[in-house]
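Computed from a predicted structure; not experimentally measured. Each chain gets a letter, A, B and so on, in the order its sequence line appears, and its residues count up from 1.
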Amino acid sequence: MSTEMYKPGSYPNLPPPPGTVGFYGWIRNNLFSSISNTLLTIVSVVLVYYLIDGIIGWFLFDAVFDADSKIECRKINDGACWAVITRRVGQFVYGFYPEAERWRIDISFLTMFIAFAPLLYPDLPKRKWLLWFSGIYPFFAFILINGGFFGLAKIEYSLFGGFMLTVILGVTGIVCSLPIGILLALGRQSKLTVVRTLSVCFIEFMRGVPLITLLFVASSMLNYFMPPGTNFSILVRVIIMFTFFSAAYIAEVIRGGIQAIPKGQYEAADALGMNYWQTTRFITLPQALKISIPGIMNTFIGLYKDTTLVVVIGLLDPLGIGRAALADTKWNGLSTETYLFVALFFFVSCFAMSRYSLWLENKLNTDHK
Amino acid sequence: MVKNKNKSSKPVIEIKEMHKWFGTFHVLKNISLGVNQGERIVICGPSGSGKSTLIRCINRLEVHQKGDIIVNDVELTGDLKNLESIRSDVGMVFQSFNLFPHLTVLENCTLAPIWVKGLPKKEANELAMELLTRVKIPEQALKFPGQLSGGQQQRVAIARSLCMQPKIMLFDEPTSALDPEMIKEVLDTMIELAETGMTMLVVTHEMGFAKKVADSVIFMDEGEIIEQNDPKNFFNNPKNDRTKLFLSQILNH
């Protein structure tokens, strides 16, 4: 190519050479940039093909979706025996919640998305109206799930189980632990000695004790510490423990975010005459929470998965239901299928949370680096 | 030189025998200074001489330990109530702008008027747009600070302070963090502000600005006011040897 002559200051903006940008550019740079890279690409594609081929066969093409027992499954085909799931899917989802009342769970679950939408997506149209619903949703869901009001039959907590139990524990824990965590983080930074000491003690105690110990305390001892006459159900006690436990972690994550804010931000707020709570609300927290999103989401996902620990105090979370299924002589030995199914449920929920947090991080990024 | 017709003999800041320590380090020593309404004072001096600390004492970002500071007839003490009234009367512009990065330019300007002064949102927006027009960046109102150049950010910071309608403006090295070609736009904004009759205390090394705008130039070294004079005498025949040395260092390069 000939080099054109231009007068200084009049050199035009030229497009990059062909094949260096865009789809083909990416492929060339990343997959076929050298001979060894090309070889690696081909070997990897072949390997992935054989792996996927076997796995998909077991999962889908050779799998049995309906049968009466494991033995019958094996007679039909040699892939996965998903019948253990399809035959017991009701239990996996609702635990032992009475079949006739399961619509109450369905409605609570679906309306949960409406309640969360205005909180998770600040740009939603009619957000103010939807926020009213978010406000009453906890009571609405409690009445619906627990019953005992408006002619709804009261359902015992001991019948709760399965994914429904996971979602109740996880979502309540997450929603309650964020505000408590924020208050603890602010408390730890407070100039008031009593507030600071109490916050530090609470955080260090909760972080210093294994969650499973706290759950045993919840199941056996918590009532001794309560005023006489109060009797929280085991479910409420467990939720309190989950909330406190993850609030302590969230407090530390947010403290990191608060400390990352330059001193100049506070000086500017001070110079404008803003008081502590105005500064906290408009300057400190928006910036600290934004910085802390990955850490907060980490804690949330951790809490969500830790809900499976309730199996040790006799609550029937999905793993408990799975064990019950495996104890059935008809389905004996199908642990791979059972646990994969439970794993898939957790993966889908946690992956969604992780994607949401990425989206939020990008949305709140005003640095334009 | 900009003629100051707005200068009056009414004192708005009075500092009497004021001392400040950082721990055991004596940063400000026996400072006495009176500033009249509409007066423009430039403070210069080598780094570490206490000039920033001095103006930060005036809106109590720093707390003095001895002596008196009286701003707008209010004495600065530990009492929270008069602290807030002082801070809404005294605006401050920082070396590193300190804009709020998560808020748009407009929100930066309206936040304090709405929440501290209780201005209705519509009025606050109008006021902010008026002041952004005055600093010549109304078209950037909906952008975030991170999208602006340093000079533009500093002009937003000036507009943000002015939105509180202060009686006194403090400038803490407002052009020190800027690229050379942006210093002028900020200084021009400050000159225009001076022409409106604002009382200004400016810590800066921009001696051209001092010559043009200041009613009085103060030279500080090691926590003391060494010399105070009108710009003409200050630059042409400085009396103190340290002032002479300092001026020869910053003017001849």
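Salt-bridge annotation for Glu204(A) and Arg188(A): present, with a side-chain N of the basic residue lying under 4.0 Å from a carboxylate O of the acidic one. Under a 4.0 Å N-O distance rule, the pair Lys136(B)/Asp188(B) does not qualify as a salt bridge. With respect to Arg134(B) and Glu130(B), no salt bridge is recorded, no charged nitrogen being found less than 4.0 Å from a carboxylate O.
Both the backbone and the side chain of Arg160(B) have a heavy atom closer than 4.5 Å to some heavy atom of chain A. With a threshold of 4.5 angstrom between heavy atoms, Ile86(B) does not approach chain A through any atom at all. When heavy atoms are compared at a cutoff of 4.5 Å, Gln278(A) approaches chain B solely by way of its side chain, counted from C-beta outward. There is no contact between Val93(B) and chain A, counting heavy-atom distances below 4.5 Å. Of the atoms belonging to Phe100(B), heavy atoms from both backbone and side chain fall under 4.5 Å from chain A.
With a 4.5 Å cut-off on side-chain heavy atoms, Thr172(A) and Thr243(A) do not count as touching. Looking at Arg40(B) and Val202(B), their side chains never come closer than 4.5 Å, going by heavy atoms from C-beta outward.
With hydrogens and angles ignored, the 3.5 Å screen pairs a side-chain donor or acceptor of Lys117(B) with a backbone N or O of Met164(B). Formation of a donor-acceptor pair under 3.5 Å by the Thr197(A) side chain with backbone atoms of Thr193(A) is found in this model.
Partner Phe202(A) forms a ring pair (Phe, Tyr, Trp, His ring centres under 6.0 Å) with one of Phe244(A), Tyr249(A), Phe245(A) and no other, that one being Phe244(A).
Residues of residues 280-289 of chain A that come within less than 4.5 angstrom of chain B, heavy atom to heavy atom, are Arg281(A), Phe282(A), Ile283(A), Pro286(A), Gln287(A) in numerical order.
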